[in-house]
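Here the structure comes first, spelled out in C-alpha coordinates, and everything after it is commentary.
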2 protein chains.
Amino acid sequence: MDAKQAVSPWKDTKDREHDRREKREAVLRVAAQAFCENGVRTTSLDEIAERLNVTKPTLYHYFRSKDEILAECVRIGLELIDKAIADATGDGRTARDRLEAALHRYAEIMTMDFGMCITRIGEAELPPQSRKAFRAHKRKIDERIRSLIEEGVADGSISARDVRLTAFTVSGALNWIARWYDPDGPLKPHEIARSCVDILFEGLAPRVSKKPAECTRT
Amino acid sequence: MDAKQAVSPWKDTKDREHDRREKREAVLRVAAQAFCENGVRTTSLDEIAERLNVTKPTLYHYFRSKDEILAECVRIGLELIDKAIADATGDGRTARDRLEAALHRYAEIMTMDFGMCITRIGEAELPPQSRKAFRAHKRKIDERIRSLIEEGVADGSISARDVRLTAFTVSGALNWIARWYDPDGPLKPHEIARSCVDILFEGLAPRVSKKPAECTRT
DNA sequence: TCACCATATTACTCGCCGGTAACTAGCGCG
DNA sequence: CGCGCTAGTTACCGGCGAGTAATATGGTGA
(Lines give C-alpha, C1' and ligand atoms only; values in the text may rest on other atoms or scores of the structure.)
Protein backbone atom coordinates (compact mmCIF):
# COMPACT_ATOMS: atom_id res chain seq x y z
CA MET A 1 0.00 0.00 0.00
CA ASP A 2 2.75 2.40 0.92
CA ALA A 3 5.28 0.57 -1.25
CA LYS A 4 4.85 2.99 -4.13
CA GLN A 5 5.66 5.76 -1.73
CA ALA A 6 9.09 4.23 -1.22
CA VAL A 7 9.65 3.97 -4.96
CA SER A 8 9.20 7.64 -5.71
CA PRO A 9 10.00 9.99 -2.90
CA TRP A 10 10.66 12.60 -5.57
CA LYS A 11 13.59 14.21 -3.90
CA ASP A 12 14.15 16.95 -6.41
CA THR A 13 12.93 20.51 -6.74
CA LYS A 14 12.57 20.89 -10.47
CA ASP A 15 9.20 19.21 -10.64
CA ARG A 16 7.68 21.62 -8.22
CA GLU A 17 7.06 23.97 -11.05
CA HIS A 18 5.96 20.96 -13.04
CA ASP A 19 3.35 20.34 -10.35
CA ARG A 20 2.39 23.93 -10.49
CA ARG A 21 1.94 23.84 -14.24
CA GLU A 22 -0.18 20.75 -13.98
CA LYS A 23 -2.44 22.29 -11.40
CA ARG A 24 -2.67 25.46 -13.37
CA GLU A 25 -3.80 23.54 -16.38
CA ALA A 26 -6.24 21.53 -14.29
CA VAL A 27 -7.85 24.77 -13.23
CA LEU A 28 -8.06 25.90 -16.82
CA ARG A 29 -9.52 22.65 -18.05
CA VAL A 30 -12.20 22.59 -15.38
CA ALA A 31 -12.92 26.26 -15.96
CA ALA A 32 -13.22 25.66 -19.68
CA GLN A 33 -15.75 22.90 -19.12
CA ALA A 34 -17.75 24.99 -16.69
CA PHE A 35 -17.75 28.01 -18.98
CA CYS A 36 -18.93 25.90 -21.88
CA GLU A 37 -21.67 24.26 -19.88
CA ASN A 38 -23.11 27.19 -17.99
CA GLY A 39 -21.75 30.31 -19.57
CA VAL A 40 -19.01 32.56 -18.33
CA ARG A 41 -20.89 35.03 -16.19
CA THR A 42 -23.08 32.41 -14.57
CA THR A 43 -20.06 30.36 -13.56
CA SER A 44 -18.62 31.63 -10.30
CA LEU A 45 -15.08 31.08 -9.17
CA ASP A 46 -16.49 29.34 -6.12
CA GLU A 47 -18.08 26.85 -8.46
CA ILE A 48 -14.86 26.20 -10.32
CA ALA A 49 -12.98 25.86 -7.06
CA GLU A 50 -15.54 23.43 -5.76
CA ARG A 51 -15.15 21.19 -8.80
CA LEU A 52 -11.45 21.06 -8.00
CA ASN A 53 -12.01 20.35 -4.32
CA VAL A 54 -10.35 23.57 -3.27
CA THR A 55 -11.57 27.01 -2.25
CA LYS A 56 -11.69 30.17 -4.26
CA PRO A 57 -8.62 31.97 -2.90
CA THR A 58 -6.53 29.01 -4.02
CA LEU A 59 -7.28 29.95 -7.60
CA TYR A 60 -5.65 33.28 -6.97
CA HIS A 61 -2.36 31.49 -6.41
CA TYR A 62 -2.40 30.60 -10.07
CA PHE A 63 -4.26 33.42 -11.70
CA ARG A 64 -4.71 37.10 -11.14
CA SER A 65 -8.39 37.28 -12.01
CA LYS A 66 -11.32 35.50 -13.51
CA ASP A 67 -10.73 37.34 -16.74
CA GLU A 68 -7.22 35.96 -16.89
CA ILE A 69 -8.54 32.43 -16.57
CA LEU A 70 -11.05 33.16 -19.27
CA ALA A 71 -8.51 34.65 -21.62
CA GLU A 72 -6.16 31.73 -21.10
CA CYS A 73 -8.86 29.22 -21.99
CA VAL A 74 -9.56 30.74 -25.35
CA ARG A 75 -5.89 31.44 -26.00
CA ILE A 76 -5.04 27.79 -25.54
CA GLY A 77 -7.85 26.76 -27.85
CA LEU A 78 -6.73 29.16 -30.55
CA GLU A 79 -3.14 28.07 -30.08
CA LEU A 80 -4.13 24.47 -30.66
CA ILE A 81 -5.84 25.30 -33.90
CA ASP A 82 -3.13 27.61 -35.07
CA LYS A 83 -0.46 24.97 -34.50
CA ALA A 84 -2.56 22.26 -36.10
CA ILE A 85 -3.04 24.24 -39.29
CA ALA A 86 0.58 25.28 -39.40
CA ASP A 87 1.62 21.64 -39.10
CA ALA A 88 -0.77 20.53 -41.78
CA THR A 89 0.62 22.98 -44.29
CA GLY A 90 3.77 20.89 -44.43
CA ASP A 91 2.74 17.62 -45.98
CA GLY A 92 0.27 16.90 -48.73
CA ARG A 93 0.80 16.94 -52.46
CA THR A 94 -1.84 19.37 -53.58
CA ALA A 95 -3.11 22.37 -51.63
CA ARG A 96 -6.39 20.52 -51.39
CA ASP A 97 -4.74 17.71 -49.48
CA ARG A 98 -3.16 20.16 -47.10
CA LEU A 99 -6.38 22.07 -46.57
CA GLU A 100 -8.25 18.85 -46.01
CA ALA A 101 -5.77 17.75 -43.36
CA ALA A 102 -5.87 21.15 -41.70
CA LEU A 103 -9.66 21.26 -41.58
CA HIS A 104 -9.78 17.74 -40.27
CA ARG A 105 -7.61 18.64 -37.31
CA TYR A 106 -9.55 21.87 -36.88
CA ALA A 107 -12.77 19.93 -36.59
CA GLU A 108 -11.33 17.51 -34.09
CA ILE A 109 -10.10 20.29 -31.86
CA MET A 110 -13.57 21.78 -31.80
CA THR A 111 -14.72 18.70 -29.88
CA MET A 112 -12.15 19.27 -27.15
CA ASP A 113 -12.44 21.34 -23.99
CA PHE A 114 -10.34 24.30 -25.05
CA GLY A 115 -11.48 24.15 -28.62
CA MET A 116 -15.08 24.41 -27.55
CA CYS A 117 -14.30 27.57 -25.66
CA ILE A 118 -13.53 29.40 -28.86
CA THR A 119 -17.03 28.96 -30.14
CA ARG A 120 -19.04 28.85 -26.97
CA ILE A 121 -17.44 31.82 -25.29
CA GLY A 122 -18.46 34.70 -27.46
CA GLU A 123 -15.94 37.46 -27.84
CA ALA A 124 -18.57 39.67 -26.23
CA GLU A 125 -17.78 37.98 -22.91
CA LEU A 126 -14.15 38.99 -23.07
CA PRO A 127 -12.88 42.23 -21.55
CA PRO A 128 -11.80 44.76 -24.20
CA GLN A 129 -8.13 44.02 -23.82
CA SER A 130 -8.21 40.28 -24.39
CA ARG A 131 -10.82 40.82 -27.01
CA LYS A 132 -8.20 42.44 -29.16
CA ALA A 133 -5.79 39.57 -28.67
CA PHE A 134 -8.59 37.14 -29.44
CA ARG A 135 -9.44 38.85 -32.69
CA ALA A 136 -5.81 39.06 -33.75
CA HIS A 137 -5.33 35.38 -33.09
CA LYS A 138 -8.44 34.47 -35.01
CA ARG A 139 -7.39 36.62 -37.92
CA LYS A 140 -4.09 34.80 -38.05
CA ILE A 141 -5.86 31.48 -38.26
CA ASP A 142 -8.19 32.83 -40.88
CA GLU A 143 -5.27 34.00 -42.95
CA ARG A 144 -3.71 30.57 -42.85
CA ILE A 145 -6.89 29.07 -44.17
CA ARG A 146 -7.20 31.69 -46.86
CA SER A 147 -3.67 31.03 -47.97
CA LEU A 148 -4.39 27.36 -48.35
CA ILE A 149 -7.49 28.12 -50.34
CA GLU A 150 -5.61 30.53 -52.56
CA GLU A 151 -2.92 27.98 -53.21
CA GLY A 152 -5.60 25.49 -54.05
CA VAL A 153 -7.20 27.85 -56.50
CA ALA A 154 -3.79 28.43 -58.03
CA ASP A 155 -2.91 24.78 -58.48
CA GLY A 156 -6.44 23.93 -59.54
CA SER A 157 -7.19 21.57 -56.68
CA ILE A 158 -9.77 23.88 -55.12
CA SER A 159 -12.55 25.96 -56.56
CA ALA A 160 -13.55 29.20 -54.82
CA ARG A 161 -14.97 32.41 -56.15
CA ASP A 162 -14.60 34.54 -53.03
CA VAL A 163 -11.72 33.34 -50.88
CA ARG A 164 -12.64 35.39 -47.83
CA LEU A 165 -16.23 34.22 -47.79
CA THR A 166 -15.21 30.65 -48.44
CA ALA A 167 -12.89 30.73 -45.44
CA PHE A 168 -15.66 32.14 -43.28
CA THR A 169 -18.17 29.57 -44.42
CA VAL A 170 -15.82 26.68 -43.84
CA SER A 171 -14.69 27.89 -40.42
CA GLY A 172 -18.27 28.52 -39.45
CA ALA A 173 -19.34 25.00 -40.27
CA LEU A 174 -16.48 23.59 -38.23
CA ASN A 175 -16.75 26.03 -35.34
CA TRP A 176 -20.34 25.04 -35.00
CA ILE A 177 -19.36 21.50 -34.11
CA ALA A 178 -18.54 22.84 -30.66
CA ARG A 179 -22.20 23.66 -30.23
CA TRP A 180 -23.75 20.32 -31.04
CA TYR A 181 -21.05 17.75 -30.38
CA ASP A 182 -22.00 15.28 -27.68
CA PRO A 183 -19.20 13.15 -26.21
CA ASP A 184 -21.76 10.48 -25.41
CA GLY A 185 -23.13 10.48 -28.94
CA PRO A 186 -22.51 7.70 -31.42
CA LEU A 187 -19.97 9.54 -33.55
CA LYS A 188 -16.33 9.85 -32.58
CA PRO A 189 -14.58 13.17 -33.17
CA HIS A 190 -12.55 11.88 -36.08
CA GLU A 191 -15.66 10.52 -37.76
CA ILE A 192 -17.40 13.83 -37.40
CA ALA A 193 -14.35 15.61 -38.73
CA ARG A 194 -14.17 13.24 -41.69
CA SER A 195 -17.81 13.72 -42.61
CA CYS A 196 -17.93 17.48 -42.14
CA VAL A 197 -14.86 18.07 -44.24
CA ASP A 198 -16.27 15.77 -46.90
CA ILE A 199 -19.51 17.70 -47.00
CA LEU A 200 -17.66 20.97 -47.35
CA PHE A 201 -15.53 19.67 -50.19
CA GLU A 202 -18.22 17.84 -52.07
CA GLY A 203 -21.07 20.28 -51.63
CA LEU A 204 -24.76 19.53 -51.59
CA ALA A 205 -25.27 19.59 -55.31
CA PRO A 206 -24.86 16.14 -56.84
CA ARG A 207 -21.74 15.71 -58.89
CA VAL A 208 -22.24 14.39 -62.33
CA SER A 209 -19.46 11.90 -61.84
CA LYS A 210 -16.87 11.12 -59.24
CA LYS A 211 -14.14 10.28 -61.73
CA PRO A 212 -13.92 11.97 -65.10
CA ALA A 213 -13.69 8.53 -66.69
CA GLU A 214 -17.25 7.81 -65.66
CA CYS A 215 -18.60 10.94 -67.23
CA THR A 216 -21.59 10.09 -69.34
CA ARG A 217 -21.45 11.45 -72.81
CA THR A 218 -24.43 13.57 -73.74
CA MET B 1 -46.59 73.00 -38.36
CA ASP B 2 -49.44 72.05 -36.09
CA ALA B 3 -51.64 71.23 -39.06
CA LYS B 4 -50.86 67.55 -38.86
CA GLN B 5 -52.01 67.64 -35.27
CA ALA B 6 -55.44 68.61 -36.48
CA VAL B 7 -55.46 65.83 -39.01
CA SER B 8 -54.86 63.06 -36.55
CA PRO B 9 -55.98 63.69 -33.03
CA TRP B 10 -56.22 59.91 -32.73
CA LYS B 11 -59.39 59.80 -30.82
CA ASP B 12 -59.52 56.09 -30.49
CA THR B 13 -58.36 53.59 -27.89
CA LYS B 14 -57.45 50.60 -30.00
CA ASP B 15 -53.98 51.83 -30.83
CA ARG B 16 -53.01 52.09 -27.21
CA GLU B 17 -52.10 48.48 -27.27
CA HIS B 18 -50.51 49.11 -30.62
CA ASP B 19 -48.29 51.67 -28.92
CA ARG B 20 -47.56 49.21 -26.22
CA ARG B 21 -46.54 46.53 -28.67
CA GLU B 22 -44.27 48.91 -30.48
CA LYS B 23 -42.54 49.94 -27.29
CA ARG B 24 -42.25 46.39 -26.20
CA GLU B 25 -40.55 45.51 -29.43
CA ALA B 26 -38.30 48.55 -29.21
CA VAL B 27 -37.08 47.27 -25.87
CA LEU B 28 -36.44 43.87 -27.34
CA ARG B 29 -34.60 45.22 -30.34
CA VAL B 30 -32.33 47.40 -28.26
CA ALA B 31 -31.80 44.58 -25.81
CA ALA B 32 -30.92 42.24 -28.65
CA GLN B 33 -28.33 44.65 -29.95
CA ALA B 34 -26.83 45.18 -26.52
CA PHE B 35 -26.71 41.47 -25.78
CA CYS B 36 -24.99 40.79 -29.08
CA GLU B 37 -22.45 43.54 -28.58
CA ASN B 38 -21.50 43.08 -24.97
CA GLY B 39 -22.83 39.75 -23.88
CA VAL B 40 -25.87 39.01 -21.80
CA ARG B 41 -24.49 39.05 -18.29
CA THR B 42 -22.38 42.13 -18.85
CA THR B 43 -25.36 44.05 -20.14
CA SER B 44 -27.34 45.52 -17.28
CA LEU B 45 -30.95 46.53 -17.45
CA ASP B 46 -29.88 50.03 -16.55
CA GLU B 47 -27.82 50.07 -19.70
CA ILE B 48 -30.69 48.90 -21.86
CA ALA B 49 -32.98 51.43 -20.24
CA GLU B 50 -30.48 54.19 -20.82
CA ARG B 51 -30.27 53.41 -24.53
CA LEU B 52 -34.04 53.86 -24.64
CA ASN B 53 -33.97 57.09 -22.65
CA VAL B 54 -35.98 55.61 -19.84
CA THR B 55 -35.19 54.16 -16.45
CA LYS B 56 -34.98 50.56 -15.39
CA PRO B 57 -38.33 50.14 -13.66
CA THR B 58 -40.00 51.17 -16.88
CA LEU B 59 -38.81 47.96 -18.43
CA TYR B 60 -40.77 46.12 -15.81
CA HIS B 61 -43.95 47.54 -17.25
CA TYR B 62 -43.33 45.39 -20.29
CA PHE B 63 -41.45 42.40 -19.00
CA ARG B 64 -41.35 40.39 -15.83
CA SER B 65 -37.61 39.86 -15.71
CA LYS B 66 -34.35 40.12 -17.57
CA ASP B 67 -34.59 36.47 -18.43
CA GLU B 68 -37.94 37.06 -20.05
CA ILE B 69 -36.43 39.74 -22.28
CA LEU B 70 -33.62 37.41 -23.14
CA ALA B 71 -35.89 34.51 -23.93
CA GLU B 72 -38.08 36.71 -26.10
CA CYS B 73 -35.12 37.88 -28.16
CA VAL B 74 -34.07 34.40 -29.13
CA ARG B 75 -37.65 33.24 -29.54
CA ILE B 76 -38.31 35.95 -32.09
CA GLY B 77 -35.14 35.08 -33.95
CA LEU B 78 -36.03 31.42 -34.10
CA GLU B 79 -39.56 32.27 -35.11
CA LEU B 80 -38.26 34.31 -38.04
CA ILE B 81 -36.17 31.44 -39.28
CA ASP B 82 -38.84 28.87 -38.71
CA LYS B 83 -41.39 30.88 -40.68
CA ALA B 84 -38.91 31.63 -43.44
CA ILE B 85 -38.12 27.97 -43.98
CA ALA B 86 -41.75 26.97 -43.76
CA ASP B 87 -42.58 29.55 -46.44
CA ALA B 88 -39.78 28.42 -48.69
CA THR B 89 -40.97 24.84 -48.69
CA GLY B 90 -43.92 25.92 -50.77
CA ASP B 91 -42.49 27.01 -54.08
CA GLY B 92 -39.61 25.61 -56.08
CA ARG B 93 -39.59 22.76 -58.50
CA THR B 94 -36.97 20.49 -57.06
CA ALA B 95 -36.20 20.03 -53.39
CA ARG B 96 -32.88 21.63 -54.14
CA ASP B 97 -34.60 24.81 -55.23
CA ARG B 98 -36.64 24.86 -52.07
CA LEU B 99 -33.65 24.19 -49.85
CA GLU B 100 -31.68 26.86 -51.62
CA ALA B 101 -34.42 29.41 -51.07
CA ALA B 102 -34.77 28.40 -47.44
CA LEU B 103 -31.07 28.66 -46.74
CA HIS B 104 -30.91 31.98 -48.50
CA ARG B 105 -33.52 33.44 -46.20
CA TYR B 106 -31.88 31.74 -43.24
CA ALA B 107 -28.60 33.44 -44.05
CA GLU B 108 -30.23 36.83 -44.42
CA ILE B 109 -31.93 36.56 -41.06
CA MET B 110 -28.60 35.85 -39.43
CA THR B 111 -27.53 39.37 -40.29
CA MET B 112 -30.49 40.88 -38.46
CA ASP B 113 -30.79 41.86 -34.81
CA PHE B 114 -32.91 38.99 -33.61
CA GLY B 115 -31.27 36.48 -35.88
CA MET B 116 -27.87 37.35 -34.48
CA CYS B 117 -29.12 36.60 -30.99
CA ILE B 118 -29.56 32.95 -31.84
CA THR B 119 -25.89 32.52 -32.50
CA ARG B 120 -24.34 35.08 -30.24
CA ILE B 121 -26.34 34.24 -27.16
CA GLY B 122 -25.22 30.78 -26.26
CA GLU B 123 -27.85 28.51 -24.82
CA ALA B 124 -25.63 28.39 -21.76
CA GLU B 125 -26.78 31.92 -20.94
CA LEU B 126 -30.41 30.91 -20.83
CA PRO B 127 -32.11 29.80 -17.64
CA PRO B 128 -32.94 26.09 -17.61
CA GLN B 129 -36.57 26.64 -18.45
CA SER B 130 -36.17 28.71 -21.59
CA ARG B 131 -33.24 26.55 -22.52
CA LYS B 132 -35.63 23.71 -23.08
CA ALA B 133 -37.88 25.83 -25.25
CA PHE B 134 -34.87 27.05 -27.17
CA ARG B 135 -33.67 23.55 -27.89
CA ALA B 136 -37.12 22.40 -28.93
CA HIS B 137 -37.45 25.30 -31.32
CA LYS B 138 -34.04 24.66 -32.80
CA ARG B 139 -34.83 21.01 -33.25
CA LYS B 140 -37.95 21.92 -35.15
CA ILE B 141 -35.95 24.08 -37.51
CA ASP B 142 -33.36 21.40 -37.87
CA GLU B 143 -36.02 18.89 -38.79
CA ARG B 144 -37.36 21.14 -41.48
CA ILE B 145 -33.93 21.35 -43.02
CA ARG B 146 -33.41 17.63 -42.75
CA SER B 147 -36.71 17.02 -44.48
CA LEU B 148 -35.70 19.23 -47.35
CA ILE B 149 -32.40 17.43 -47.65
CA GLU B 150 -34.10 14.06 -47.57
CA GLU B 151 -36.52 15.11 -50.27
CA GLY B 152 -33.58 16.28 -52.29
CA VAL B 153 -31.80 13.00 -51.91
CA ALA B 154 -35.00 11.26 -52.96
CA ASP B 155 -35.57 13.31 -56.11
CA GLY B 156 -31.87 13.30 -56.93
CA SER B 157 -31.39 17.04 -56.71
CA ILE B 158 -29.21 16.82 -53.59
CA SER B 159 -26.40 14.56 -52.59
CA ALA B 160 -25.85 13.77 -48.91
CA ARG B 161 -24.47 10.73 -47.17
CA ASP B 162 -25.43 11.63 -43.62
CA VAL B 163 -28.50 13.85 -43.51
CA ARG B 164 -28.14 14.79 -39.87
CA LEU B 165 -24.53 15.83 -40.21
CA THR B 166 -25.22 17.65 -43.44
CA ALA B 167 -27.92 19.69 -41.75
CA PHE B 168 -25.59 20.56 -38.89
CA THR B 169 -22.79 21.56 -41.19
CA VAL B 170 -24.99 23.76 -43.31
CA SER B 171 -26.67 25.43 -40.33
CA GLY B 172 -23.32 25.97 -38.73
CA ALA B 173 -21.92 27.75 -41.73
CA LEU B 174 -24.95 30.03 -41.85
CA ASN B 175 -25.24 30.58 -38.11
CA TRP B 176 -21.66 31.73 -38.11
CA ILE B 177 -22.54 34.67 -40.32
CA ALA B 178 -23.92 36.29 -37.19
CA ARG B 179 -20.42 36.31 -35.77
CA TRP B 180 -18.56 38.02 -38.58
CA TYR B 181 -21.16 40.05 -40.43
CA ASP B 182 -20.45 43.76 -40.40
CA PRO B 183 -23.27 46.08 -41.42
CA ASP B 184 -20.68 48.63 -42.52
CA GLY B 185 -18.84 46.08 -44.63
CA PRO B 186 -18.93 46.03 -48.43
CA LEU B 187 -21.27 43.05 -48.78
CA LYS B 188 -25.02 43.35 -48.45
CA PRO B 189 -26.87 40.60 -46.60
CA HIS B 190 -28.38 39.16 -49.74
CA GLU B 191 -24.98 39.00 -51.41
CA ILE B 192 -23.53 37.18 -48.45
CA ALA B 193 -26.46 34.82 -48.43
CA ARG B 194 -26.07 34.17 -52.15
CA SER B 195 -22.38 33.40 -51.87
CA CYS B 196 -22.56 31.26 -48.77
CA VAL B 197 -25.34 29.13 -50.12
CA ASP B 198 -23.42 28.76 -53.35
CA ILE B 199 -20.34 27.60 -51.53
CA LEU B 200 -22.33 25.05 -49.59
CA PHE B 201 -23.95 23.67 -52.71
CA GLU B 202 -20.91 23.65 -54.93
CA GLY B 203 -18.31 22.53 -52.42
CA LEU B 204 -14.62 23.30 -52.42
CA ALA B 205 -13.59 20.52 -54.74
CA PRO B 206 -13.59 21.65 -58.36
CA ARG B 207 -16.35 20.22 -60.45
CA VAL B 208 -15.31 18.58 -63.61
CA SER B 209 -17.94 20.49 -65.50
CA LYS B 210 -20.75 22.87 -64.71
CA LYS B 211 -23.13 21.52 -67.29
CA PRO B 212 -23.11 17.90 -68.38
CA ALA B 213 -23.00 19.07 -71.97
CA GLU B 214 -19.55 20.48 -71.46
CA CYS B 215 -18.20 17.29 -70.01
CA THR B 216 -15.00 16.41 -71.74
CA ARG B 217 -14.82 12.90 -73.02
CA THR B 218 -11.88 10.94 -71.78
C1' DT C 1 16.40 24.28 14.79
C1' DC C 2 14.75 28.19 12.64
C1' DA C 3 13.56 31.04 8.83
C1' DC C 4 11.26 30.78 4.47
C1' DC C 5 8.36 30.02 0.79
C1' DA C 6 4.40 27.74 -1.42
C1' DT C 7 -0.10 26.20 -0.78
C1' DA C 8 -4.34 26.40 0.95
C1' DT C 9 -7.86 27.96 4.37
C1' DT C 10 -11.49 30.84 6.91
C1' DA C 11 -13.53 35.04 7.25
C1' DC C 12 -14.26 39.12 5.50
C1' DT C 13 -15.22 43.70 2.18
C1' DC C 14 -17.62 45.93 -1.32
C1' DG C 15 -19.70 47.17 -5.54
C1' DC C 16 -22.83 45.96 -8.97
C1' DC C 17 -27.24 44.75 -10.51
C1' DG C 18 -31.83 42.47 -10.57
C1' DG C 19 -35.89 43.43 -8.63
C1' DT C 20 -39.44 46.20 -5.67
C1' DA C 21 -42.07 49.96 -3.27
C1' DA C 22 -44.09 54.12 -3.37
C1' DC C 23 -45.03 58.11 -5.61
C1' DT C 24 -46.25 61.40 -9.76
C1' DA C 25 -47.92 63.02 -14.45
C1' DG C 26 -51.05 62.73 -18.04
C1' DC C 27 -55.44 61.06 -20.03
C1' DG C 28 -60.11 59.06 -21.04
C1' DC C 29 -64.54 58.57 -19.06
C1' DG C 30 -68.99 58.79 -16.36
C1' DC D 1 -64.75 67.17 -11.46
C1' DG D 2 -62.64 63.22 -9.58
C1' DC D 3 -61.99 58.27 -10.45
C1' DG D 4 -58.90 55.06 -12.24
C1' DC D 5 -55.66 53.41 -15.47
C1' DT D 6 -51.13 53.48 -17.82
C1' DA D 7 -46.50 54.93 -18.10
C1' DG D 8 -43.02 56.84 -15.81
C1' DT D 9 -40.14 58.37 -12.00
C1' DT D 10 -36.91 58.34 -7.59
C1' DA D 11 -35.27 55.80 -3.89
C1' DC D 12 -34.37 51.70 -1.98
C1' DC D 13 -33.32 46.44 -0.74
C1' DG D 14 -30.78 42.19 -0.83
C1' DG D 15 -27.78 38.97 -2.56
C1' DC D 16 -24.31 37.23 -5.17
C1' DG D 17 -19.78 36.95 -6.38
C1' DA D 18 -15.04 38.95 -7.40
C1' DG D 19 -11.32 39.93 -4.96
C1' DT D 20 -8.53 40.54 -0.24
C1' DA D 21 -6.63 40.08 4.42
C1' DA D 22 -4.97 37.24 7.97
C1' DT D 23 -3.82 32.81 9.17
C1' DA D 24 -2.46 27.73 9.34
C1' DT D 25 0.42 23.88 7.49
C1' DG D 26 4.20 21.65 5.95
C1' DG D 27 8.18 20.71 3.23
C1' DT D 28 13.21 22.86 2.05
C1' DG D 29 17.40 24.75 2.76
C1' DA D 30 21.10 26.97 5.76
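The sequence lines fix the lettering, A, B, ..., with proteins before strands; numbering per chain opens at 1.
With sequence neighbours excluded, the residues that form a salt bridge (charged side-chain N to carboxylate O under 4.0 Å, His left out) with K83(A) are E79(A).
If you take CD of E50(A) and P of dT9(C), they are 12 Å apart, rounded to a whole angstrom. We find that CG of L70(A) is positioned 16 Å from C1' of dG17(D), with the value rounded to whole Å. Rounded to whole Å, atom P of dT20(D) lies 12 Å from atom NE2 of H61(A). Taking atom CG on D19(B) and atom P on dG28(C), their separation rounds to 12 Å, with Å as the unit. Across the protein-nucleic acid pair, L59(A) atom CG and dT9(C) atom C1' stand 13 Å apart, rounded to whole Å. As a whole-Å value, the separation of F63(B) CZ from dA7(D) P is 12 Å. Between I69(A) atom CD1 and dA18(D) atom P the separation is 9 Å, expressed in whole Å. Atoms NE2 (H18(A)) and P (dA6(C)) sit 19 Å apart, rounded to a whole Å.
A salt bridge does not link K140(A) with E143(A): every distance from a Lys NZ or Arg NE/NH1/NH2 to an Asp or Glu carboxylate oxygen is 4.0 Å or more.
The side-chain tip of R146(B) points at the ring of F168(B) from less than 6.0 angstrom away and within 45° of straight on.
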Donor-acceptor pairs under 3.5 Å, side chain of residues 188-195 of chain A to any protein atom, not counting sequence neighbours: which ones?
from: E191(A); atom 1: OE1; to: K188(A); atom 2: N; distance (Å): 2.7
from: R194(A); atom 1: NH2; to: E100(A); atom 2: OE2; distance (Å): 3.3
from: S195(A); atom 1: OG; to: E191(A); atom 2: O; distance (Å): 3.2

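Looking at L200(A) and L174(A), their side chains come closer than 4.5 Å, going by heavy atoms from C-beta outward.
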Between the protein and nucleotides 16-21 of chain C, which nitrogen or oxygen pairs are less than 3.5 angstrom apart?
from: dG18(C); atom 1: OP1; to: K66(B); atom 2: NZ; distance (Å): 2.8
from: dG18(C); atom 1: OP2; to: L45(B); atom 2: N; distance (Å): 2.9
from: dG18(C); atom 1: N7; to: K56(B); atom 2: NZ; distance (Å): 2.8
from: dG19(C); atom 1: OP2; to: Y60(B); atom 2: OH; distance (Å): 3.0
from: dG19(C); atom 1: OP2; to: K66(B); atom 2: N; distance (Å): 2.9
from: dG19(C); atom 1: O5'; to: Y60(B); atom 2: OH; distance (Å): 3.4
from: dG19(C); atom 1: N7; to: K56(B); atom 2: NZ; distance (Å): 3.1
from: dG19(C); atom 1: O6; to: K56(B); atom 2: NZ; distance (Å): 2.9

- Task: Output, in order, the C-alpha distance, side-chain angles, deciding distance and verdict of salt bridge (Lys or Arg N to Asp or Glu O under 4.0 Å) for E151(A) and R98(A).
- Result: CA-CA 10 Å; E151(A) 288 173 38; R98(A) 295 197 294 276; 2.4 Å; yes
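Remark: R20(B) is in phosphate contact with dA7(D), judged by side-chain N or O atoms under 4.0 Å from OP1 or OP2.
Comparing atom distances between the T55(A) side chain and each of dT9(C), dG8(D), dT7(C) picks out dT9(C) as nearest.
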